[in-house]
There are 4 protein chains.
Amino acid sequence: MGTPQQEPQSQAQPRRSDTRRRIQQVALELFAEQGYEKTSLREIAERLDVTKAALYYHFKTKEDILSSIAEDLARPMRELIAWAEGQPHSLATKQEILRRYSDILWGSVDLFRFIQENQATVRELTVGENFRSSMKALGELIKDPSAPIAAQVRSVTALFSMHAGMFVTQNVEGDPEEKRAAILEVALDLVAQAETSVLTG
Amino acid sequence: MGTPQQEPQSQAQPRRSDTRRRIQQVALELFAEQGYEKTSLREIAERLDVTKAALYYHFKTKEDILSSIAEDLARPMRELIAWAEGQPHSLATKQEILRRYSDILWGSVDLFRFIQENQATVRELTVGENFRSSMKALGELIKDPSAPIAAQVRSVTALFSMHAGMFVTQNVEGDPEEKRAAILEVALDLVAQAETSVLTG
Amino acid sequence: MGTPQQEPQSQAQPRRSDTRRRIQQVALELFAEQGYEKTSLREIAERLDVTKAALYYHFKTKEDILSSIAEDLARPMRELIAWAEGQPHSLATKQEILRRYSDILWGSVDLFRFIQENQATVRELTVGENFRSSMKALGELIKDPSAPIAAQVRSVTALFSMHAGMFVTQNVEGDPEEKRAAILEVALDLVAQAETSVLTG
Amino acid sequence: MGTPQQEPQSQAQPRRSDTRRRIQQVALELFAEQGYEKTSLREIAERLDVTKAALYYHFKTKEDILSSIAEDLARPMRELIAWAEGQPHSLATKQEILRRYSDILWGSVDLFRFIQENQATVRELTVGENFRSSMKALGELIKDPSAPIAAQVRSVTALFSMHAGMFVTQNVEGDPEEKRAAILEVALDLVAQAETSVLTG
DNA sequence: GATGAATGAGGGTTCATTCAT
DNA sequence: TATGAATGAACCCTCATTCAT
């Protein structure tokens with residue numbers, strides 16, 4: 001061939017140029033800072049001190065840069081969903097989903113924030129579609145469609161409360177780890193209450 | 001020249017052109033549908049069957065169109081905050097804040113959704129700054145800075161859970177009003193639990 | 001609306017800017033001189049002392065500029081075909097087709113030359129498709145499908161010999177009108193011979 | 001370095017890479033299909049499953065690829081002209097020119113078609129210049145400058161009628177060989193008539 | 001209360017070409 | 001005999017905005 005574009009990812013590459021990685025890094029920084037649309041390829045290139053054309057050696061399009069970055073989030077999401085689909089629909093499973101989801105979120109916090117803040121843009125990009133369908137799948141796994149609406153809302157809210165948590169972080173002082181734990185705890189409570197309310201309601 | 005641009009707002013106007021209103025309508029539609037950046041003035045003008053220049057007769061800039069629309073949300077927010085600042089920091093007040101906030105949100109649901117989905121874009125627009133500072137103010141009013149972090153997170157989550165609720169709506173079936181009530185209920189519970197956990201914790 | 005783009009063409013316009021016409025003129029000049037692909041919008045704009053964006057006020061795309069120019073050739077071609085379809089398939093008709101075709105060709109000689117020299121390019125443009133299908137239609141009208149192949153070839157060659165004639169012009173000296181007449185005469189002879197050869201063959 | 005680029009052409013080559021040949025093949029295919037300008041070196045390289053840089057090992061420039069291909073047509077043309085220049089300017093010679101020219105054309109039909117359809121592009125390439133001057137030379141050899149204009153036009157038309165024939169082919173059904181013969185016959189007739197008209201005119 | 005005509009800046013993308021390895 | 005990585009120039013096109021009428 002000639003152009004790379006599909007990361008071989010095989011073990012122990014003979015020290016392939018790290019430009020690709022650097023592009024992804026800088027792009028994510030700028031996308032997160034200014035938004036996807038407002039970040040031009042010129043800016044990315046300038047910050048890397050290469051030409052725009054160099055970006056096109058490594059990626060087919062602007063969207064392709066984003067897609068490649070988003071894999072960091074998409075892959076663990078797919079794995080989480082695959083795992084959850086093999087488990088019983090118990091409270092324990094649901095809580096484990098939340099715990100793992102929390103890990104994923106905080107593991108790619110910049111990327112995740114970016115997606116949240118650029119939903120309108122990302123919506124018709126592959127990245128956005130994937131993310132939406134993942135969230136939908138997670139939603140189905142965490143709620144009980146035969147439960148009362150209040151319970152269902154509570155369950156799904158548990159999931160999204162963790163998104164909110166990430167934005168809330170800035171307004172509440174304290175140790176990050178502690179906050180993160182608190183956010184997860186709130187979410188865990190919510191699914192638990194959803195289950196209880198079904199029984200008692 | 002005699003361009004208007006600042007709405008006189010007086011009561012017995014001699015039937016001022018409704019074009020201004022139509023622009024706002026169509027603009028919100030398109031902004032919500034495609035995002036702010038991806039919506040061009042050309043599109044807005046075309047859908048209204050006027051020229052781009054006509055838009056500039058009614059509004060100074062593209063941002064100005066958005067600002068004028070956003071007042072529908074900003075005004076009630078300011079009013080809510082002003083009201084809340086005159087109340088005691090009791091649980092009853094906090095719950096009333098949530099109730100009123102819920103009304104505001106559902107009263108401008110399209111606009112609100114738009115802001116959520118275009119955060120990266122509106123962030124450095126007046127609209128976005130206003131919204132952020134309003135949310136911050138509401139946050140301060142609903143949480144107790146002397147409470148344990150877990151309690152603070154719970155309170156703030158109550159607020160944001162209602163945002164999440166709006167996006168969750170689509171994934172849960174049932175009567176809209178019922179869902180709306182359920183979402184509010186979850187939020188009310190959360191502040192209540194925040195208070196309790198302080199006492200018992 | 002706002003943008004023109006569809007020529008109103010109505011009688012006695014209140015002196016609409018002639019920029020549109022000037023763009024077409026200059027574009028044809030450059031297209032003919034250098035080819036369609038090799039002529040950039042920058043060049044056209046520069047020669048007119050306007051910006052590239054101005055071109056886009058008057059035409060939707062680069063291809064649209066060409067299409068608008070090509071109408072000068074396409075319209076008479078359509079008319080010729082329409083006329084011929086209403087006539088008997090006699091030798092007289094065929095010869096009249098050639099005479100009219102000659103007039104059309106020499107009436108838009110630059111445009112025609114351009115299309116000939118840029119066939120590979122215009123092939124997948126609307127302009128090219130139209131032209132090809134027009135030529136095909138003329139071909140059908142001038143040849144007799146039941147005649148021997150030699151006769152058919154002779155007829156169709158009559159048509160194309162006039163194209164060749166335009167390029168040959170440069171290599172033969174003499175009064176242009178005289179040459180033009182000679183070219184037409186050769187073509188007229190060819191259809192006549194096609195008819196005769198059928199009878200005698 | 002040891003780049004080849006000038007074909008050694010010696011007879012007992014130790015099996016020099018056939019990549020060069022494959023590049024020419026694929027390039028001609030694509031040039032003919034899409035035009036010279038619209039065919040990028042990337043495409044050629046991709047179709048061959050090599051890198052663009054590989055093309056530059058075998059050829060100095062894009063134009064060089066074309067030039068090397070065009071030799072297939074240019075060489076026989078030079079030979080034909082050289083031969084004809086040594087012959088008397090008789091009708092028999094002219095008819096033999098046409099016969100040989102027909103052979104050349106049909107022997108490199110794809111290449112010839114390509115040149116015809118990309119005249120605007122090749123015009124300022126060496127390839128185009130060569131072809132134009134060859135045609136001019138052939139024109140001089142086939143027409144009699146002292147004959148009346150009508151006769152000269154007829155002679156030159158004979159030559160070009162064979163070009164037209166190649167495009168006409170598609171619109172007339174029948175055995176290819178038969179059509180080819182018919183086209184040549186028409187051309188032969190035309191030179192013959194040119195001679196006659198001089199005598200009788 | 002608008003339109004017609006235009007601009008300047010910038011967007012993403014593609015190209016032929018180079019050169020060290 | 002090639003490849004990997006990159007460049008510089010140019011491309012078509014779109015945008016928000018302006019201003020005389």
**Asked** Any side-chain N or O of H58(A) less than 4.0 Å from the OP1 or OP2 oxygen of dA6(F)?
**Response**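 H58(A) to dA6(F) OP1/OP2: side-chain N or O found under 4.0 Å.
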**Request:** May I ask you to evaluate whether T19(C) reaches the phosphate of dA6(E), defined as a side-chain N or O under 4.0 Å from OP1 or OP2?
**Result:**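 Looking at the OP1 and OP2 atoms of dA6(E), one of them is under 4.0 Å from a side-chain N or O of T19(C).
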**Asked** Does R47(A) have any salt bridge (Lys or Arg N to Asp or Glu O under 4.0 Å) partners at least two apart in sequence or in another chain, and if so, which?
**Response**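 Salt bridge (Lys or Arg N to Asp or Glu O under 4.0 Å) check on R47(A) returns E29(A), E33(A).
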**Request:** Using the test salt bridge (Lys or Arg N to Asp or Glu O under 4.0 Å), find all partners of K62(A) that sit at least two apart in sequence or belong to another chain.
**Result:**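 Partners of K62(A) by the salt bridge (Lys or Arg N to Asp or Glu O under 4.0 Å) criterion come out as none, since no residue qualifies.
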**Request:** Return the nearest nucleotide to the side chain of V50(C); candidates are dT7(E), dA5(E), dA2(E).
**Result:**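 Side chain of V50(C) sits closest to dT7(E).
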**Short side-chain to backbone donor-acceptor contact, E43(B) and S40(B), under 3.5 Å** =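 Judged by distance alone, yes, a pair lies under 3.5 Å.
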Within this structure, what is the [atom1]-to-[atom2] distance between [X] and [N], rounded to whole angstrom?
X	N	atom1	atom2	result
Y57(B)	dA20(F)	OH	C1'	16 Å
E46(D)	dT3(F)	CD	C1'	15 Å
L66(D)	dA16(E)	CG	C1'	15 Å
R22(D)	dA2(F)	CZ	C1'	13 Å
I44(C)	dA10(F)	CD1	C1'	15 Å
L55(A)	dG8(F)	CG	P	14 Å
L48(D)	dT3(F)	CG	C1'	15 Å
F59(C)	dA6(E)	CZ	C1'	15 Å

**D110(B): side-chain contact (heavy atoms from CB on, under 4.5 Å) partners, not counting sequence neighbours** =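 For D110(B), no residue satisfies side-chain contact (heavy atoms from CB on, under 4.5 Å) once neighbours in sequence are set aside.
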**Request:** Applying ring pair (Phe, Tyr, Trp, His ring centres under 6.0 Å), name anything that partners F31(D), two or more places apart in sequence or on another chain.
**Result:**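 Result, ring pair (Phe, Tyr, Trp, His ring centres under 6.0 Å) vs F31(D): Y36(D), F114(D).
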**Request:** Flag the pair E117(B) and R132(A) as a salt bridge only when some basic side-chain nitrogen lies within less than 4.0 angstrom of an acidic carboxylate oxygen.
**Result:**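 Salt bridge: yes.
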**Prompt:** Are the side chains of Q24(C) and R21(C) in touch, meaning some heavy atoms are under 4.5 Å apart?
**Reply:**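 Of all side-chain heavy-atom pairs linking R21(C) with Q24(C), at least one is under 4.5 Å.
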**Prompt:** Is there side-chain contact between I23(D) and F59(D), with heavy atoms separated by less than 4.5 Å?
**Reply:**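 Yes. Closest side-chain heavy atoms under 4.5 Å.
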**Asked** Could you write nucleotides 13-19 of chain F as a row of B, S and -, 5' to 3', where a protein heavy atom under 4.0 Å of any base atom gives B, of only sugar-phosphate atoms gives S, and otherwise -?
**Response** BBBBBBB
**Request:** Using only heavy-atom distances, determine whether the side chains of E37(D) and T121(C) contain a donor-acceptor pair under 3.5 Å.
**Result:**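 Side-chain D/A pair, E37(D) to T121(C): absent.
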**Interatomic distance at P, dG1(E) relative to dT21(F), whole Å** =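 Roughly 22 Å separates the two P atoms.
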**Asked** If you write DNA chain E from 5' to 3' in dot-bracket form, with Watson-Crick or G-U pairs under 3.5 Å, [ ] for crossing pairs and | for pairs with another strand, what do you get?
**Response** .||||||||||||||||||||
